[in-house]
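Here the structure comes first, spelled out in structure tokens, and everything after it is commentary.
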Amino acid sequence: MDDMHGREDTGPTETAQLEPLLEEAGIPTDRAETCRAGSGSWSRRISAMELPVLTQPGLGVTTTTVTTITQTGGDWTTGLFNVCGDVTTCAIGAVVPCCLDLSLAHQYGECLCLPLLPGSTFAMRVGIRERFKIRGSVCEDWLTVYCCYPLAVCQMIREMKRRLKSQTYQVSTALESS
């Protein structure tokens with residue numbers, strides 16, 4: 001028998017296929033039969049009633065996990081007077097330490113205007129020491145920066161290069177299709 005829109009009425013096979021969905025939605029199957037007995041297709045009436053959307057259409061869900069491992073703890077990897085450890089850095093630090101300070105601010109992740117602020121190099125040294133859990137004190141940091149400014153900046157640049165170089169990145173991507 002055709003309904004008012006010219007479609008064929010659903011049979012018992014479709015009812016058997018939809019029963020698990022109806023039960024999951026909390027609609028008793030005898031209620032579905034009541035809807036089926038009325039005029040028109042009962043599946044159209046059920047879908048308009050209370051059936052929740054069980055899955056969304058789409059290509060899938062992509063999950064990306066990034067793991068960063070940073071070496072922390074211990075002492076500074078190079079000494080304050082280790083000028084031969086990185087000759088280029090020490091040469092720039094001896095001639096124009098303010099340019100090296102700009103590079104340090106960039107590597108540290110700060111604004112390039114940071115070195116223009118008073119006490120910023122001292123603050124970055126304390127921050128580097130705290131970030132990488134390097135032994136020391138604020139008093140030692142202050143004395144190092146204000147008594148040996150070019151050497152302190154060179155040491156901090158070397159530290160950032162070595163600590164950031166030793167980071168390991170592990171990226172895993174999973175795609176779940178729906």
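Worth saying up front: this structure is predicted, and the values here are computed from it rather than measured. Note that the numbering runs from 1 along the sequence shown for the chain.
Between Cys154 and Cys90, the shortest heavy-atom contact is SG-CA, 3.8 Å. Closest approach of Cys111 to Ala105, counting heavy atoms only: O-CB, 3.8 Å. Summarising the geometry of Met156 relative to Ile128, their closest heavy-atom pair is CB-CD1, 4.0 Å, with the distance given to 0.1 Å. Counting all heavy atoms, side chain and backbone alike, Ala152 lies closest to Val145 at CB-CA, 4.1 Å.
By the side chain to side chain contact (heavy atoms under 4.5 Å, CB included) test, Leu143 is found to be paired with Cys139, Cys147, residues two or more places apart in sequence or in another chain being considered. By the side chain to side chain contact (heavy atoms under 4.5 Å, CB included) test, Pro97 is found to be paired with Tyr149, Pro150, residues two or more places apart in sequence or in another chain being considered.
The salt bridge (charged side-chain N to carboxylate O under 4.0 Å, His left out) analysis of residues 92-110, with sequence neighbours excluded, yields no pairs. Note on residues 88-98: pairs passing side-chain hydrogen bond (donor to acceptor under 3.5 Å, both in side chains), not counting sequence neighbours, are Asp86-Thr89, Thr89-Lys161.
Through side-chain heavy atoms spaced under 4.5 Å, either directly or across other Ile, Leu, Val, Met, Phe, Trp or Tyr residues, Val83 is tied to Leu80, Phe81, Leu151. The hydrophobic cluster around Val87 extends to none of the other residues, as no ILVMFWY side-chain heavy atom falls under 4.5 Å of it.
By the 6.0 Å and 45° rule, Arg131 stacks over the aromatic ring of Tyr108.
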Q | Full working for side chain to side chain contact (heavy atoms under 4.5 Å, CB included) between Asp141 and Met124 | A | CA-CA 10 Å; Asp141 293 334; Met124 280 192 290; over 6 Å; no
Q: Please test Trp76 against Arg158 for side chain to side chain contact (heavy atoms under 4.5 Å, CB included), starting from the C-alpha separation and ending with a verdict.
A: CA-CA 9 Å; Trp76 293 89; Arg158 288 191 306 266; over 6 Å; no
Q | Stepwise side chain to side chain contact (heavy atoms under 4.5 Å, CB included) check, Ile157 with Ile92 | A | CA-CA 11 Å; Ile157 287 281; Ile92 294 171; over 6 Å; no
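In this structure, CG in Leu114 is found 9.5 Å from CG in Leu102, a value given to the nearest 0.5 Å. Note that OG1 of Thr121 is 7.5 Å distant from OH of Tyr146, once rounded to the nearest 0.5 Å.
Side-chain heavy atoms closer than 4.5 Å link hydrophobic residues (I, L, V, M, F, W, Y) into clusters, and following such links, even through other members, never connects Leu100 to Leu112.
At least one side-chain heavy atom of Gln155 sits under 4.5 Å from a side-chain heavy atom of Arg125. Residues Phe122 and Thr144 have side chains not in contact (no heavy-atom distance under 4.5 Å, counting atoms from C-beta outward).
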